[in-house]
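A quick write-up on the structure given underneath.
As the structure lists them, so they are numbered: ligands from 1, and atoms in each ligand from 1. Quantities reported herein were computed from a predicted structural model and do not represent experimental measurements.
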Amino acid sequence: MVHSENRESENIESKKIESVAPSLQLFLDDLHCKYKSLGDGAVANYIPELSKVNPDLFSICVATVDGEVYQVGDFNPLFTIQSISKVFAYGLALEDCGRDYVLTRIGVEPTGDAFNAIILDEQSKRPYNPMVNAGAIATTSLIKGKNATERLNRLLDMYRRYIGRDVFVDISVFTSERSTGHRNRAMAHLMLNFGMIDGHIEEALDLYFQQCAVMVNCRDLAVMAAALANKGVNPVTGEQAVDSRYIKDILSVMYTCGMYNFAGEWAYKIGIPAKSGVSGGIIAVVPGKMGIAVFSPLLDSRGNSVRGVKVCEELSQKFGLHMFDCAGGSLNLTKNGFN
Ligand code: GLN
């Protein structure tokens, strides 16, 4: 009896999935169509190699915690992950050093400043948070390994767990940033001065530039975001990518700091933990439900993808994804699908 009741509710569930899932795909298709002609913004050029990207590239992917992936547009082309990497490196540093120690080195306060501002907290001398460059460089310097190769391999293996395949560093972008990244170098020196980063600055910077130059596509980003939505487990491979204890730390700093000096407005309007990168990616995490990724290299003045912000805003409104939206939206995703 119990068994047949379960079967019945399973059938109802799967009908709901059939009836609602196509509407998500259609909505993504519509969004892609609506925004592909939006040409506002400019591609990043302060890392010379990034300026070579095709500005028309545009894709949207959603991966659910059940491992379903919905995608539209240019979801296959690879690009460098840039600042979105900060989220995942923070998770690895937390695993390596523990929350208490990481907090002694990197704060969790939003800055209201640009991602590349050369500032530290006046009292504690810590970088403000791990989502801006200074904090991210300090974070990466905490990743353990007996030498540079082992640290890089551990970082690459972390990406593999989140994505489900091996990844590589784009050498042109890495060397391009390494030879021009003097602002980041200045931040590292400032932190060395205050004892917030240990001795080997060039090694820490190299690892940071390498972490930013890892190649991913939009679909990969959606699956990575979905792993954060899914207690740290990659929903496609079932592999634990990061210790579930640290998910709340990661998502909290994404929520308050992930979109830089747009973080407050993003939290107010869109209401989902998110992170952007200067190559044009944005990830957003709806805990227990899904990961969203958008890729479009045209950026606004704060370094966030113009189309990416628009798409996330529409998705949040349409499906009631804002964390504090008590009124609810038109679609809810549950562990077992849609209802
Ligand atoms: N690698 C870039 C930098 O350090 C990342 C910045 C970003 O994506 N916002 O400047």
Side-chain angles (χ1 to χ4, degrees), residues 41-53 57 78-90 106 110-119 127-141 143 152 155 159 167 169-191 197 201-216 218 220-221 224-225 253-254 257-263 266 274-284 293-306 308-309:
V43 304
N45 58 12
Y46 75 98
I47 300 172
E49 206 57 24
L50 290 188
S51 64
K52 297 181 181 164
V53 72
L57 289 172
L78 296 170
F79 52 91
T80 55
I81 188 168
Q82 296 303 333
S83 274
I84 297 174
S85 67
K86 293 167 178 169
V87 167
F88 304 98
Y90 188 54
I106 305 132
T111 61
D113 286 310
F115 66 87
N116 58 2
I118 307 179
I119 42 161
Y128 275 90
N129 68 68
M131 302 291 107
V132 292
N133 286 12
I137 295 164
T139 300
T140 301
S141 78
I143 291 171
L152 175 60
L155 198 70
Y159 279 115
V167 295
V169 172
D170 184 294
I171 297 299
S172 315
V173 174
F174 165 55
T175 51
S176 179
E177 186 166 15
R178 184 200 221 186
S179 56
T180 57
H182 303 303
R183 262 193 101 86
N184 286 328
R185 211 159 265 122
M187 289 171 212
H189 278 281
L190 191 61
M191 292 189 287
I197 191 170
I201 290 233
E202 287 303 325
E203 257 185 35
L205 283 165
D206 272 0
L207 191 59
Y208 169 72
F209 295 144
Q210 284 161 339
Q211 139 198 329
C212 290
V214 161
M215 298 292 271
V216 293
C218 191
D220 294 333
L221 288 181
M224 294 174 89
V253 291
M254 285 175 75
C257 315
M259 301 300 283
Y260 315 121
N261 38 342
F262 186 61
W266 175 280
K275 184 78 200 79
S276 66
V278 284
S279 49
I282 294 183
I283 61 167
V294 188
F295 171 55
S296 165
L298 292 168
L299 308 180
D300 63 22
S301 58
R302 289 141 164 155
N304 296 323
S305 167
V306 176
V309 171

Practice item. Ignoring angles and geometry beyond distance, decide whether V278 reaches within less than 3.5 Å of ligand 1 through its nitrogen or oxygen atoms. Key: yes
Point to revise | Contact summary for T139 and Y90, nearest pair of heavy atoms | key: CG2-CA, 3.5 Å
Review point. Do you see a donor-acceptor pair shorter than 3.5 Å between the side chains of Q211 and S85?
Key: yes
Practice item. Between S83 and ligand 1, find which residue part has any heavy-atom pair under 4.0 Å and reply side chain, backbone, both or neither. Key: both
Check your understanding: Does ligand 1 have a heavy atom under 4.0 Å from the side chain of N184, from its backbone, from both, or from neither?
Key -> side chain
Review point. Heavy-atom contact under 4.0 Å between N133 and ligand 1?
Key: yes
Revision key, fill the gap. For Y260, the atoms of ligand 1 under 4.0 Å from one of its heavy atoms are 7 (C), 9 (N)
Study note, to complete from the structure: Note: ligand 1 atoms sitting under 4.0 Å from heavy atoms of C212 are 1 (N)
Practice item. May I have the step-by-step check of side chain to side chain donor-acceptor pair (under 3.5 Å) for N45 and S51, ending in yes or no? Key: CA-CA 5 Å; N45 58 12; S51 64; over 6 Å; no
Practice item. Specify the closest pair of heavy atoms between V306 and D300, including all atoms of both residues, with the distance to one decimal. Key: CG2-N, 3.6 Å
Point to revise | Donor-acceptor side-chain pairing of N116 and N133 below 3.5 angstrom | key: no
Check your understanding: So which bit of Y46 gets within less than 4.0 Å of ligand 1, heavy atoms only: side chain, backbone, both or neither?
Key -> side chain
Point to revise | Y260 and K275: side chain donor to acceptor below 3.5 Å | key: yes
Practice item. Take every heavy atom of Y208, measure it against each atom of ligand 1, and state whether any distance is under 4.0 Å. Key: yes
Review point. Quick check: does E177 get an N/O under 3.5 Å from an N/O on ligand 1?
Key: yes
**Study point:** Close-contact set for ligand 1 against G277 heavy atoms, below 4.0 Å
**Key:** 8 (O)
Study note, to complete from the structure: Tested for side chain to side chain contact (heavy atoms under 4.5 Å, CB included) against Q210, the lone hit among D170, L152, L205 is L152
